[in-house]
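What's counted below: heavy atoms across the whole structure, side chains too, no hydrogens, waters or symmetry copies.
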Amino acid sequence: MKTFLSLILAVVACSPLCMAYEHRDNTASTEDICKKDTVIVFDGESVPCKTYIKDGKRFFEIKEEVKDKSFKIGKLKLWEYKEYNTTTFSINLDRRTPENVHITFDEEPDAETDSVGLYWKPMPNAGEVSEIMFEESASGPRISDSFKNVRAFQLDSDAGNIDGIRRIIEAGNSNILLVLTENKIFALDKYTGRFSHMIGEKGAAPGNYSHLSDMYYDAKEHTVNVIDDIEMARYRYTLAGEFIGKEEFDFPWVTSVTHSGNGYMMISHMMTGGNLVPPSEYAFTVVAPDGKSFPLDSFAPVKLKGNYGTDFAAHPATVTGNRFTFFKFLNDTIYNMENGKVWPSYKLSLKKKMAPKEVVAETGDIITMWDGKYFPGFNDIYETSGFIVLVPWPSLSDAYYWIDKTNGCGITYSSNNMKSVLSGERIFNIKGSDSRSLICAFSSQDIDSAQKCLTKKTACFSDEVKAVFKNADDIGNPVVVIYSH
């Protein structure tokens, strides 16, 4: 019989580094699964153990050398090892929240108890760098099992044609879902997809922008901010779509803008070449709440040959709360930034190296990055409390690179298709994220593919997802699926 116990644990990651994330099937032994040395702190006492994920649960395996030790929290005896060589308990990931994780003891503890909790900080501390090795897998654990809730809906046809979605943002605690396309911003209900209104408009009239470089939502001010790098301006709107004002935004060649809860911005820039002015010399500009800024990540020695500009990545930075997570130009390390301080957090061990800057500089052509002997680099990054997801350059790979932040293990999923989405094995077509959720959008072509799979009685992990795809208009607007912890 499973027993539960009230406690708070802190889990602290130790060396050595994880080798590879391998998840074979439900009968796999723990030897087949990535194990990482960990310390659990019981009321101030450090207990060495190993941690790994299996069958949708996180396991903590107590090492043999502590088998005879008793642990107490206050006056309550938690556990006495007696005859066990190794004792294991696990967390049910389906019930995970950022602050409290419910766990089940796989061995019978002595004390009679009623509930269980666990707490740990999944992100590395500043200065700690974890090496991530990616196991390529055509079949692996169901990613959907790591998310507690899922909701799905088709975007309202009353909005008109919503095509070419670039980004989707849940606007804080409001009911608004902001959908960014090439030159439009739609405001819809985030639970039903029902159309509400537009945010701004392309045009010459007051309050209209010339070019929608990117947009972000300011949760503190409750405003939608449109960046126009042709006008070198920022247009501010209320969530209701009312124009507030236009401000100077003196940062050219904008690709994307990511905004933190405490008011910092990370602006990513295009690369430029030839006689284009001003030349773009850095991948990022960081802007503090007081307006002061500094450049980050020089493109040098790379300079494009020709009078054109191009993105080095579409969405190279993401944010959870006040902490940014981002990748640099031709760099296999993932970085964090908070309050203007930058530090490396994950070193990615990839089968192919990225093209050295010197090689790309020699040709002056970004296509060199995509040479078959090099890893093409990443185009997008997304993050929740549990995962970092890296998306390679489009059309060069359909693999998504997942980092499990709780154990520092990585896995690469390829062969993304609608059958894998319906089964819950894969999550792709990601268009947005926050600490709680991944937001995905599926086109009319995807809807048609899903309906064909359902006709063949493909199993679906969620009745709601199944019903939405089954009843969706296959020539209508995209279906949005939101996976939440």
Side-chain angles (χ1 to χ4, degrees), residues 164-171 177-185 211-218 224-227 229 251 253-260 264-271 280 282-287 296-297 299 309-321 323-337 345-346 348 354 366 369-370 375-384 387-403 416 427-435 437-443 478 480 482-483:
I165 293 177
R166 293 162 58 189
R167 184 106 57 94
I168 302 177
I169 297 173
E170 289 191 80
L177 190 75
L178 299 170
V179 178
L180 171 68
T181 63
E182 188 61 33
N183 269 306
K184 294 181 180 179
I185 303 172
H211 177 247
L212 208 173
S213 304
D214 200 8
M215 67 95 177
Y216 66 87
Y217 176 68
D218 187 327
V224 181
N225 297 261
V226 172
I227 307 303
D229 67 351
F251 304 101
W253 308 111
V254 174
T255 296
S256 69
V257 179
T258 308
H259 186 269
S260 70
Y264 275 80
M265 279 192 294
M266 282 197 76
I267 305 166
S268 69
H269 300 284
M270 299 174 70
M271 300 178 65
S280 181
Y282 290 87
F284 298 96
T285 299
V286 178
V287 184
L296 179 66
D297 188 24
F299 287 127
T310 187
D311 300 341
F312 83 92
H315 184 56
T318 187
V319 67
T320 53
R323 179 177 288 185
F324 295 89
T325 302
F326 65 99
F327 55 84
K328 295 183 178 182
F329 174 60
L330 290 177
N331 192 306
D332 59 6
T333 299
I334 303 300
Y335 292 83
N336 288 122
M337 185 189 75
S345 54
Y346 296 104
L348 308 182
M354 293 186 187
I366 199 170
M369 293 167 49
W370 307 333
F375 182 79
F378 295 107
N379 197 42
D380 307 272
I381 184 170
Y382 301 97
E383 182 175 23
T384 70
F387 294 100
I388 293 172
V389 187
L390 294 156
V391 185
W393 270 90
S395 304
L396 299 171
S397 171
D398 68 349
Y400 276 31
Y401 289 73
W402 292 75
I403 298 173
N416 293 316
I427 296 175
F428 69 102
N429 285 359
I430 301 173
K431 299 297 181 182
S433 67
D434 54 37
S435 62
S437 306
L438 289 175
I439 306 173
C440 305
F442 299 95
S443 66
V480 169
I482 302 177
Y483 302 82

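The two atoms that bring Tyr483 and Cys440 nearest to each other are CE1-SG, 3.9 Å, heavy atoms only. Annotation for Lys184 and Leu212: closest pair N-CD1, 3.7 Å, computed over non-hydrogen atoms.
Counting heavy atoms from C-beta outward, Phe312 and Thr255 have side chains that stay 4.5 Å or more apart. In this structure, the side chains of Tyr400 and Ile430 come closer than 4.5 Å at one or more pairs of heavy atoms.
More than 12 non-hydrogen atoms from other residues, nucleotides or ligands lie less than 6.0 angstrom from NZ of Lys328.
With Ser280 contributing its side chain and Met270 its backbone, the two residues share a donor-acceptor pair below 3.5 Å. Without hydrogens or angle criteria, Asp229 side chain to Ser213 main chain gives no donor-acceptor distance under 3.5 Å. Remark: the backbone N or O of Thr181 is paired with a side-chain donor or acceptor of Arg166 at under 3.5 angstrom. At distances below 3.5 Å, not a single donor-acceptor pair connects side-chain atoms of Asp218 with backbone N or O atoms of Asn225. When atom types are taken as modelled, the side chain of Asp214 and the backbone of Val257 share a donor-acceptor pair closer than 3.5 angstrom. Of the possible donor and acceptor atoms, none in the side chain of Asn379 sits under 3.5 Å from a partner among the backbone N and O of Pro392.
For His269 and Phe299, the ring centers are positioned 6.0 Å apart or more.
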### Task
Evaluate side chain to side chain contact (heavy atoms under 4.5 Å, CB included) for Leu390 paired with Ile334, printing each intermediate quantity in order.
CA-CA 10 Å; Leu390 294 156; Ile334 303 300; 3.9 Å; yes
### Task
Any chance you could lay out the side chain to side chain contact (heavy atoms under 4.5 Å, CB included) test for Phe327 and Leu348, step after step, and finish with the verdict?
CA-CA 11 Å; Phe327 55 84; Leu348 308 182; over 6 Å; no
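Among residues two or more places apart in sequence or in another chain, the side-chain hydrogen bond (donor to acceptor under 3.5 Å, both in side chains) test is passed with Thr384 by His485. Under the salt bridge (charged side-chain N to carboxylate O under 4.0 Å, His left out) criterion, Asp311 pairs with no residue, sequence neighbours left out.
Of the options Val286, Thr258, Thr325, a side-chain contact (heavy atoms from CB on, under 4.5 Å) to Met337 is made by Val286 and by none of the others. For the side-chain contact (heavy atoms from CB on, under 4.5 Å) with Ile439, the qualifying choice from Asn429, Val480, Ile165 is Val480, the only one to do so.
The closest side-chain donor-acceptor pair between Glu383 and Thr318, if any, does not fall under 3.5 angstrom.
Ring orientation note: the planes of Phe378 and Tyr401 are nearly perpendicular, at an angle over 60° on the 30°/60° scale. A parallel orientation is assigned to the rings of Tyr335 and Phe326, their planes being inclined by less than 30° (bins at 30° and 60°).
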